[in-house]
There are 2 protein chains.
Amino acid sequence: MAKIIDVAKRAGVSIATVSRVTNRQGNVKKSTEQKVLEAIKELNYIPNFPARYLKTKRTLTIGMVVPDITNPFFPIVFRGAESVVKQEDYTIILCNTFEDEYEEMRYLSILEAKKVDGILLIKAPPRSGNEQYMQKLNNLPVPIVYVDRLPKLQDIPAVVADNIGGGYAATTHLIKLGHRNIAIITVQYPLSVHRERLQGYVKALREHNIPINRFYIKQGASTIEEGTSLGHSLINMKDRPTAIFVTNYKMTIGLMRALEMAGLQCPEDISIVGYDDFEWENVFHPRLTVVAQPARQMGQTAAQLLIKILRDGVDSLPNKRVILSSELKIRESCGIYRQNKLGKP
Amino acid sequence: MAKIIDVAKRAGVSIATVSRVTNRQGNVKKSTEQKVLEAIKELNYIPNFPARYLKTKRTLTIGMVVPDITNPFFPIVFRGAESVVKQEDYTIILCNTFEDEYEEMRYLSILEAKKVDGILLIKAPPRSGNEQYMQKLNNLPVPIVYVDRLPKLQDIPAVVADNIGGGYAATTHLIKLGHRNIAIITVQYPLSVHRERLQGYVKALREHNIPINRFYIKQGASTIEEGTSLGHSLINMKDRPTAIFVTNYKMTIGLMRALEMAGLQCPEDISIVGYDDFEWENVFHPRLTVVAQPARQMGQTAAQLLIKILRDGVDSLPNKRVILSSELKIRESCGIYRQNKLGKP
DNA sequence: ATGATAAAGGAAATCGATTACATAAAATGG
DNA sequence: CCATTTTATGTAATCGATTTCCTTTATCAT
């Protein structure tokens, strides 16, 4: 591998001049620049980034920590972020924490050691007994932008979706269709995301003076099986809900399975609103009405925020928290509530 | 950020000793080791990786180049690879090429500049007029393991799925069910992957003396829409196939849509074998019989190969090419061919 | 032509580690 | 007890760039 000294020799100049050319900081005669450029091309020279870092303190690398890259939501966020940072020649180290905060801690200290310029963090659910970790996180010497999942700390740069709004829109939609017995299947993680979707659900019911039935609120692990089993338990209630709002794609798949097993038609027998809108969800019968999250936009926005911070400092941000709105996509899985057909069995 | 000199001062030793402790190369008295360890803890010292690289020539970072991380196949490969390399404290820079060979070239030279220790490469389809690029690739100073998609070059480390076997198994399955009019929908990329699946299809037909009908071979872009449109064109043929083998998940979704639009029942009216087996594919009606690729295993194996190369050199590999077998998962989308119901209209 | 100013380019310090080499201290053995 | 080996530690070179601080050369107004 050619080094800067090789280029310098070949071009008959000093390494300082070569450096000036590669970093285009001017004060180099056109003719010498030409010589240097030729030498660079001939030797196939590329500056050594780690070496360069020592002086510049920049690696042009950022870290992105995600809970589970096989959850199709996160690759979309990743791609959004990548498409932005690549413009500035950044590259992304992707770390998969498996929803485990200890893994996250491990990765974060590796990223710190590797001197990434910044971090996009989609947090794993906090472990109880690990509260002081947030303090440490907050004092990390590398800028962090939180994405999607918001820790309780105030005043930290974060880009999230409007989950309250999402839950509210979904529930309101069902209410407007005449439903009153509306259940929710959601995740029990200690995460803002799911708490807020539930909040939106509650808010919508309250606004329409619909009493909240706590047996209609089902929480569990974010898996297909859990979706099926919680679905079953709702279906088998004596006052079976006429509509279900599922706040998560895996549980949605599970729920649809439960409906099928129970021989229930959607939307004829029961209405469903799902969460997340992936391309392949087109395969559902019927096509699902869902709350679509601005996944790509979240990645993009978070990346833009981070780049702004890297350029001008955290305090340059007009507002540290960005909330992107989710969109209700109305398709075919919700029907109008009809007293005779449904309701009390 | 604490540096090695700070630790040395605090512990009252030289930086050499600190380095010996952090790299646990022995020859340090227990008592001084203790002092150093304490100083490290107190100052929260982590060695600076880029600086360390200068001497060690290792970044403990590898690059992974994928065509499209939002294709659910690749996150699984990624996770497989990550789970292996993390054991050795490697971290992965993930690069998304968008199936564009020029993007790939760009990323590869960045990875080279960043001095990654090795690269896992899932190639973008080669561009015509860009043939000399493979030569350059082959001479890259950093070891590459090719994953999934195999370039024509011989004798390079690669981990691929048995695509011929996959195509063969799928087609044979249909033949055994009595089908003779078997179509294939595949991708027209200049990629080994798709060529080979087609090869497997042809091989199976030949072995059973079934003439190959070139109108049954449909090739197109890897999109849902294309799956639908190629599906339509097959459905509308005067001698409509009684079974279709789709070599790609997106086109499978599209094809299922086409069946639905045409009012065809699967497997009653037509049998389908798909490719890839994702968790969410459970939502299909009926559940699809598919060729499942060993996605995770590919990632793991590729990572193991790369690590072996990094440790012992390329020549230490017993065999450079690893072919992992794909598995036919028989579910509900294939029926027995019945003369009276199907066949010639 | 001359002094002042700007442009061009080089020498050497520097970034934060690792490591070869040197040396001091401790252990070993006859 | 002294020579020899082993163990423990320090000094300084080194990795490959960037950058500060000079020096030299070119440009320009007078």
Side-chain angles (χ1 to χ4, degrees), chain A residues 1-40 43-61 89 109-110 112-117 141-142, chain B residues 1-40 43-61 89 109-110 112-117 141-142:
Chain A
M1 273 294 74
K3 305 181 296 183
I4 195 170
I5 181 100
D6 303 320
V7 176
K9 279 185 186 144
R10 178 131 197 161
V13 298
S14 75
I15 59 171
T17 300
V18 177
S19 176
R20 277 188 273 260
V21 171
T22 58
N23 297 296
R24 47 182 63 65
Q25 3 174 209
N27 282 2
V28 179
K29 221 198 300 177
K30 262 272 168 282
S31 61
T32 51
E33 182 181 16
Q34 211 46 48
K35 280 189 299 180
V36 171
L37 255 25
E38 266 168 36
I40 287 177
L43 296 176
N44 219 323
Y45 168 75
I46 322 174
N48 182 312
F49 272 64
R52 162 186 276 180
Y53 157 83
L54 274 184
K55 291 300 281 187
T56 63
K57 301 294 175 199
R58 302 181 64 205
T59 52
L60 285 183
T61 301
D89 289 322
S109 76
I110 292 182
E112 186 188 343
K114 294 206 173 172
K115 301 300 167 189
V116 295
D117 295 334
V142 30
Chain B
M1 273 292 77
K3 305 182 297 180
I4 195 170
I5 180 95
D6 302 320
V7 176
K9 279 184 186 143
R10 177 132 198 161
V13 299
S14 75
I15 59 171
T17 300
V18 176
S19 176
R20 276 188 276 260
V21 171
T22 58
N23 297 296
R24 47 184 59 67
Q25 3 173 207
N27 282 3
V28 179
K29 220 198 297 176
K30 262 272 169 285
S31 61
T32 53
E33 182 181 17
Q34 211 47 47
K35 279 189 299 180
V36 171
L37 254 26
E38 267 168 36
I40 286 177
L43 296 175
N44 219 324
Y45 169 75
I46 321 174
N48 183 313
F49 272 63
R52 163 186 276 181
Y53 158 83
L54 274 184
K55 291 300 280 187
T56 63
K57 301 293 172 199
R58 302 180 65 205
T59 52
L60 286 182
T61 302
D89 290 322
S109 75
I110 292 181
E112 187 188 342
K114 294 206 172 171
K115 300 300 166 189
V116 294
D117 295 335
V142 32

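Below, chains carry the letters A, B, ... as their sequence lines are ordered, and counting in each starts from 1.
Closest approach of A/Ala113 to B/Pro47, counting heavy atoms only: CB-O, 3.8 Å. Listed here is the closest heavy atom pair of B/Ala51 and A/Leu54: CB-CD2, 3.6 Å. Scanning both residues, B/Lys114 and B/Thr59, for their nearest heavy atoms gives O-CG2, 3.9 Å. Minimum interatomic distance between A/Ile15 and A/Ile5 (heavy atoms only, all atoms of both residues): CG2-CA, 3.7 Å.
In this structure, B/Arg52 CZ and B/Arg58 CZ are separated by 9.5 Å, a value rounded to the nearest 0.5 Å.
The existence of a salt bridge linking B/Lys30 and B/Glu33 is confirmed by a sub-4.0 Å separation between a basic side-chain nitrogen and an acidic carboxylate oxygen.
Counting any heavy atom pair closer than 4.0 Å across all strands shown, A/Thr56 reaches sugar-phosphate atoms only and no base atom.
Straight-line distance from the CG atom of B/Asn23 to the C1' atom of C/dA20: 15 Å, rounded to whole Å. B/Asp6 places its CG atom 13 Å from the C1' atom of C/dA17, with the value rounded to the nearest Å.
Comparing the axis of the opening five pairs of the helix from C/dA1-D/dT30 to C/dG30-D/dC1 with that of the closing five pairs yields an angle of 40°, rounded to 10°.
At least one cation-pi condition fails for A/Lys55 and A/Tyr53: the charged atom is not both under 6.0 angstrom from the six-membered ring centre and inside a 45 degree cone around its axis.
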Whether each nucleotide of nucleotides 5-16 of chain D has a protein heavy atom under 4.0 Å at its base (B), only at its sugar-phosphate (S) or at neither (-) is summarised, 5' to 3', as ---SBBB--BBB

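In this structure, the side chain of A/Asp6 does not engage the main chain of A/Ala2 through any donor-acceptor pair within 3.5 Å.
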